[in-house]
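To keep things clear, I will list the structure first and then write my remarks on it.
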Amino acid sequence: MSLLPPALNNAAVLAAATGLTGAVTLLAVVVASVAARSPQRRRDARATLRILVRRRPPRVKR
């Protein structure tokens, strides 16, 4: 009997769990960036969000 189908199943479950964990983390940071009371915390949450989605601030044209 081949071990490939169970290994593929385990890999798919692990990939789904990793994706779900990332999505939940991203959602928590988005909520924090919107719902934080102090402006400093909102800025920090937006900076963290920018890091998580690998967005860079817009470039200033000279």
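Sequential numbering from 1 along the given sequence is applied to the chain's residues.
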Would you sort out whether Ser33 and Arg42 count as a side-chain contact (heavy atoms from CB on, under 4.5 Å), showing the intermediate values? CA-CA 5 Å; Ser33 70; Arg42 285 194 300 268; 5.7 Å; no
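Hydrophobic clustering of Ile, Leu, Val, Met, Phe, Trp and Tyr side chains at less than 4.5 Å, counting indirect connections, keeps Val53 apart from Leu27. In the hydrophobic cluster analysis, where Ile, Leu, Val, Met, Phe, Trp and Tyr join through side-chain heavy atoms closer than 4.5 angstrom, Val24 is grouped apart from Val31.
For the pair Leu49 and Leu26, the tightest heavy-atom approach, listed with the atom from each and the gap, is CD1-CD1, 3.4 Å.
Note that CG of Asn9 is 11.5 Å distant from CG of Leu14, once rounded to the nearest 0.5 Å.
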